[in-house]
Amino acid sequence: YDGGGKFDKSFNEAAYNGAEMFKAEGGAYQDLEISGDAMREQAIRQFASRGNNPIVMPGFSWETALKTVAPEFPDTKFTIIDTVVDLPNVQSVVFKEQEGSYLVGILAAMKSESGKIGVVPAFNFDLLEAFACGYAQGAKSVNPDIEVLETYVGTGFEAFNDPGKATEVAKSQLDQGADVIFQVAGGAGAGVLQAAADAGKFGIGVDSNQNHLHPGSVLTSMVKRVDVATYNAMKGVEDGTWAPGVIVLGLAEDGVGAAFDDNNASLITDDMKAAVEKASADIISGAVTVHDFRTDKACPSL
Amino acid sequence: MESYLVDITLILDSTVRLAVPLILACLAGLYSERAGIVDIGLEGKLLAGAFAAASMSAVTGSAWLGLLAGIGAALMFSGIHGLASINFKGNQTISGVALNFLAAGLTTFLGQSWFKRGGYTPQLSGDQRFNPITLPFAEQLREVPILGQIYFELISGHNIITYFAFIAVPVTAWVLFRTRFGLRLRAVGENPKAIDTAGISVTRLRYQALIITAVLVGIGGAYLSIAQSAGFNNNMSAGRGYIALAALIFAKWRPGPALLVCLMFGFLDAVQFRIQGQVFPIIGEVPVQAIQALPYILTVILLAGFIGRAVAPKASGIPYTKER
Amino acid sequence: MTPLPRWADVVLLPLLNVVLAFLVGGLIVLAVGQNPLQAVGIMLYGAFGYGSGFGYTLYYTTDFIFAGLAVSLAYHAGLFNIGPEGQAYVGGLGVILLGLALNGAHWAIVFPLMIICGGAFGALWAFVPGYLQAKRGSHVVITTILFNFIATSMMGFLISRVLKPVGVNSDESAPLEAITRVPQLRTFIELFKNSPVNLTFFLAIIALFFIYWLIWRTKFGYAVRALGQNPVAANYAGISNQKMIMIVMAMSGVLAAMVAVNNVGGVQGRLILNFVNGAGFVGIAVAFMGRGHPVGVGLSALLFGILYQGGQELAFQMPGITREMIVTIQALVILFTGAMGDMLRAPLARLLARSSSPTGAK
Amino acid sequence: MTSLHPTNAQRSEGTAAAPLAIELVGINKHFGPVHANRDIHLAIRRGTVHGIVGENGAGKSTLMSILYGFYTADSGEIRVNGTPAHITDSRHALALGIGMVHQHFMLVDNFSVLENVVLGAEDSAFLAPTLNKARTQLKALARDYGLEVDPDAIIENLSVGQQQRVEILKALYRGAETLILDEPTGVLTPDEADHLFRILGKLREEGKTIILITHKLREIMAITDEVSVMRQGAMVKTLNTKETSPGELAELMVGRRVLLRVEKGPASPGKVLLDVEDLVVTDDFKVPRVKGVSFQVRAGEIVGIAGVAGNGQSELLESIAGMRDQLLGTIRLNGEVLSLEGDDGAARARAAGLAHVPEDRLRMGLVTTFSEWENSILGYQHSYGSGAGLDIAKARATAEEYIKKFDIRPPNLDLKTANFSGGNQQKIVLAREMERNPDVLIVGQPTRGVDIGAIEFIHNQIIKMRDAGKAILLVSVELDEIRSLADRILVIFDGKIVGEADPATADETELGLLMTGSHAGDVGTVSEPGTLAPHETPVQQTLTQMSPQDNSGKDPNQ
Ligand SMILES: Nc1ncnc2c1ncn2[C@@H]1O[C@H](COP(=O)(O)OP(=O)(O)OP(=O)(O)O)[C@@H](O)[C@H]1O
Ligand SMILES: Nc1ncnc2c1ncn2[C@@H]1O[C@H](COP(=O)(O)OP(=O)(O)OP(=O)(O)O)[C@@H](O)[C@H]1O
Ligand SMILES: [Mg+2]
Ligand SMILES: [Mg+2]
């Protein structure tokens, strides 16, 4: 697992859920939370040398370590999530976060009455910017005049663990008039959703479906199917369908999306649902392309 | 004009919320340092308090029991601190550091084995938390220009711990400077021999100080997990114990200034959230990290520019040894 | 109270304390239904049992020696430097800038320059609090804490916005070429296969000797200690307190920055976010446990190295024991060996006195 | 046990009538290997002033700390008013009416007088009533005993004499019937000492019992009714003061009879070595303390600066020694202007040939956590070793030499300096500063808290240096000391030199008046009961004292 810990209620937890899914079907796995970057190489190596196969690493931070270790274990299959490692025994799974975020952006803009919405990333960081940028594009596609506030919780990885500050950040956006806030802050995001719920406004979850956290207040969640990716990797090796290379999971592949369930059914009007479906279709068909922040480190809409 | 006022009250409101855990931790540190015990373990005590409060509240459904548990956990930590630094005359700083490690490890560890959520406690809601209290007439007075606005937004609508923290400041000042206990407390931090030759037990006095420290910091921890947030989260104290310590030194170990310094930290943070990403006249867009570092940079400047040398209680950090 | 014999003071007592810490830790392990003896066995095996495990132990030890020395040196001058974390972080900037500037050059040229350049950055980051303490009376404890926070912001910005090459997902600088990196010991010694311990380890050992020499064998060290023990007397002795504070803080920063040489130059080969990972804070514990003496610092750094690496092994092997458990055990070790180090002194002295009196009194 | 009661047996008859306030029976106390009190028996009668004398380390303070419950005796019994009392802590002692003024004051520096007085004796949980009560009571005490202090003054702003009054007030406020004073006059000016003794006299009249520890036999003779002599942890004898003499006491203290006084020939001043011109110096709070002082010290002369503590002497000394920047004026050493820029001026002063024995050895002159040899080079560390390294062997050799020459005990150069007695600590400083053959020596309070044997030795060393052609500036609050050593006396008051006198002819009262900056009309108040006899000039002094060479014969630590 990546920094932030196994049960961050979003990214890592999704991977865990995927593994559990696999286990529920009779598979077995071993896992580990790392406590420092220096451990990464060591961790992969230890797993590999114990014959674990495949080894799933959720998080781009594993990239460097994997590049070093993977060649040492040519027979072990590695799956890395969120970044690309170009090696013959590595499968890289990346998501088009911007696409899923685009959809929740649409929902946010349609829900917003104030013409102001917010996004709260943990800290200033490219991956998180991709979420924020997609979100802003989606929102502007509905309402070009909408104002998107972006406020960071902290300055480094520890920000993923500070719900207290995240609450305060969300409150500052609410104070400024935002009425829908998208959290991109892992564990700290709970604070954002809490603040939105307390204020009677709306939050948007991330990575896992977080709609259930505050039913009626979490507008939707930008789900990123890390669980599916994890499950597929494990299952794939078992079935023999695992293949190296890059797997890009976007809307088309059902790798990202906006979550609809009973918890938010009352919040989503048919119009909204329709708009999401249309955008989704447009993106899949290529009629609409969502700009990816990571390509040029810039966001035209934010 | 009106909207500026609203903005300002909202920022101040946020200031208050951010400052509360600092105020409590800072006052907590004040008692122990005034008694001659350097407390770098505030961070750990805060974290332990936060964890115990959230756990108890999650299990029993009562925020008040959670608060008690938070205090209890901080008391246990203070007990260890006292044992190490008062009875065994160990280094106070290192026992503080040990407490910080202990809290970081133990909270997640216990949380994981109790709640199976990787150290997180379950999400708390309703009575499991301390919710905002609307003070009498707040709604009615809301329409009164300016004052009503301030009363409604700034003064009313906080949780009980917030009010407690603000009351604790004058109470601390009063205890420290107007009571027998306060007199002895200050004396033991300055010259424990004077206390000893006056026939008063240094050990007892220092333990009493540590108990108060624990109560305050335990409440501060509870604030983090069951008032400000809705549940415990790994390392959620996020350096606030250290900041409180810095604030204490900044305030030269006095309660009034301690309040002001904590509010200043809170204020700078509250402002910082709001000016992120703003385009400034002349300077243009400032990197968000620079804005985030602003509170700390400003503090350094203030410290260097305006505050003279801080003279710590003289006996602070030195275990009291009496030859027998 | 009769004092303990020297051997008991320097060997037996610390040993008993460590044992005590492990006993209490063992109880906790037992409480979660795991076998503590097995846990200790795995831990020791992980730390020493095989080549790369041992290499990791030494790698962690390297970090802790530097951070511990940084805190100790300042402490000898009466300064409590809580900032090695930030100083090491900023030192990383110096290391990578130098490394990238000379990227491709042979490490034998780059290594010494890395030490100097990284050291200079770390020194600067510690010098400012030192300057503020000396000239403005701003308490170095606060300023170093604040500088840790400022370092996080600043480095976050520099890494993710300035140093990060296009097309890389992780927030990290461009990598150093293999030849430019501080060579890892595994390239010379087969034993250390796969472990990151590198030449910086020897630098750490040299630093231990150097600091010993500096503090107890030089005029400068004499002045440092005089300042730390009695600033008024130091002033009386013609020692410039202000200059000494600034110099010592800067030197402390240099030592802290060597953590960056180890990690950025020797292990990661690039600058990543938060590479210091708490080593600076562990340094505080190491310094106090080692009582500021290089021998003590070396030993307690090793102890922490064992705990880190052995704990890592433990987390692999015993799923019931997580990384938090290890942190808890570390806390116990700090508590029993450092903070309550004298707890057993009195009983031990009594015991020794009793056992020696029948032979002593004829 | 009761068979060996040397003290009781030897007690002079005729005074046995009064009831006993305190009785110590067979007190023993060890500090590790040191047997600090050996089977002490002591009886103190109510309503008397009882002196205790003994050389440094004889065990006087230890004994009193036991009586006060601060230390616990290994064995023995304490009887208060005839009843055995098991005194376990100071509160206990206080409850039994025993108060103590410690050698090193036990005051909280940043508290007010009032707060210090009530500390530990508060009536209720809230301070206000106690403070009010204490305020009225202090007023009464001030009136009754002449113990004036501003109740709201902060301790650190008070002179030592006033701090001592606070200590006495503390004890009296707690209703002390027996008052222990440990070396109370060590830091007082003659005036302050006189005042103290007047107070003690009044207390005795009130029926209070006073135990007085002092190194000054003159004081013993002047104020006590009985005097006990301690040597090397044991009680040697208790005498009726009227029936003894300083000579006998000194002999009892050291175990043999010796006759000595400060032997000093006439000075033969040479060229000016230290030249201070229009010096203005401020203290830490930027308040001017030295306000335009000019004087010269020539080779081969001792210039004494007399004055009540706190009149700028400290700042003057520190400024000349390079530790404190001057605001205005010039200091010339050997004709060269001494620049004091920066905070390492002391190094330049030393380089220019100045040595400095500071007033406060613990705060300034020593790093008490350093070993003896390390302190033997403090300030001169640069001359040990050529490069960066410290030549430890050379430093140790030097320390060894100093130990021999100055008879520093114990002769252990690895012992932490904190564990040396005050007198020996002083010798470490003196040896270091005198033995490097400086041109100018400035000395502050050279014999503060030092026993008579060591005083003699130190005085002789200072005179030897003068005779070797050095310029010596001596600052002391002990008028006696200045008069016996100095060739010229300058009187400092409020940061200015207000007069100059020749020690041989100077009139005591006149000097005293100069020192307090008052007019001649104030004379005459000194003749109240309990006042000291007029100070004798050194030539008239025929004290039996130890000679330096006899020092080798005694060793309190054996
Ligand atoms: N705290 C202590 N620890 C160890 N030994 C001590 C301590 N205090 C005193 N001693 C020992 O007890 C002996 C008596 O010391 P004490 O202070 O009573 O002497 P004193 O008669 O008061 O001397 P002075 O005239 O210098 O005040 C000393 O020689 C010393 O060896
Ligand atoms: N902590 C200690 N441990 C061991 N010995 C001590 C300690 N403190 C003092 N001593 C011993 O106590 C003796 C006297 O100590 P003390 O502090 O009473 O000085 P002193 O005799 O009062 O000197 P002075 O009268 O000149 O001030 C010395 O022989 C010293 O070695
Ligand atoms: Mg004494
Ligand atoms: Mg003494």
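Chain letters run A, B, ... following the sequence lines, proteins first and then strands; every chain starts at 1.
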query: For the residue pair B:A194 and D:V108, what are the closest heavy atoms and their distance?
result: CB-CG2, 4.0 Å

message: With a sphere of 6.0 Å drawn around OH of B:Y207, does it hold more than 12 non-hydrogen atoms of other residues, nucleotides or ligands?
response: yes

- prompt: Is it the case that B:R186 places NZ or CZ above or below the six-membered ring of D:F111, under 6.0 angstrom from the centre and within 45 degrees of the axis?
  reply: yes

- prompt: By a 4.5 Å heavy-atom criterion (distance strictly below it), what part of D:H92 contacts chain B: side chain, backbone, both, or neither?
  reply: neither

query: Checking heavy atoms, do the side chain of D:S65, its backbone, both or neither come under 4.5 Å from chain B?
result: neither

- prompt: Hey, are the side chains of B:I195 and D:L119 touching, using non-hydrogen atoms and a 4.5 Å cut-off?
  reply: yes

field: Non-hydrogen side-chain atoms of D:T130 and B:R180 separated by less than 4.5 Å
entry: no

message: Can you tell me which of D:A93, D:S124, D:A121 forms the most heavy-atom pairs within a distance under 4.5 Å of chain B?
response: D:S124

field: Heavy-atom side-chain contact between B:F181 and D:F126 under 4.5 Å
entry: no

field: Side-chain (B:N191) to main-chain (D:L107) donor-acceptor, under 3.5 angstrom
entry: yes

query: Can you find a heavy atom in the side chain of B:R184 that is under 4.5 Å from one in the side chain of D:E122?
result: yes

message: In the structure I gave you, are the side-chain heavy atoms of B:T197 and D:M100 within less than 4.5 Å of one another anywhere?
response: no

Portion of D:D123 that has a non-hydrogen atom of chain B nearer than 4.5 angstrom: backbone

task: Run the numbers on B:E190 and D:D109 for side chain to side chain contact (heavy atoms under 4.5 Å, CB included), then give the verdict.
output: CA-CA 8 Å; B:E190 287 289 335; D:D109 284 349; 5.6 Å; no

- prompt: Would you find more than 12 non-hydrogen atoms of other residues, nucleotides or ligands less than 6.0 Å from B:K193 atom NZ?
  reply: no

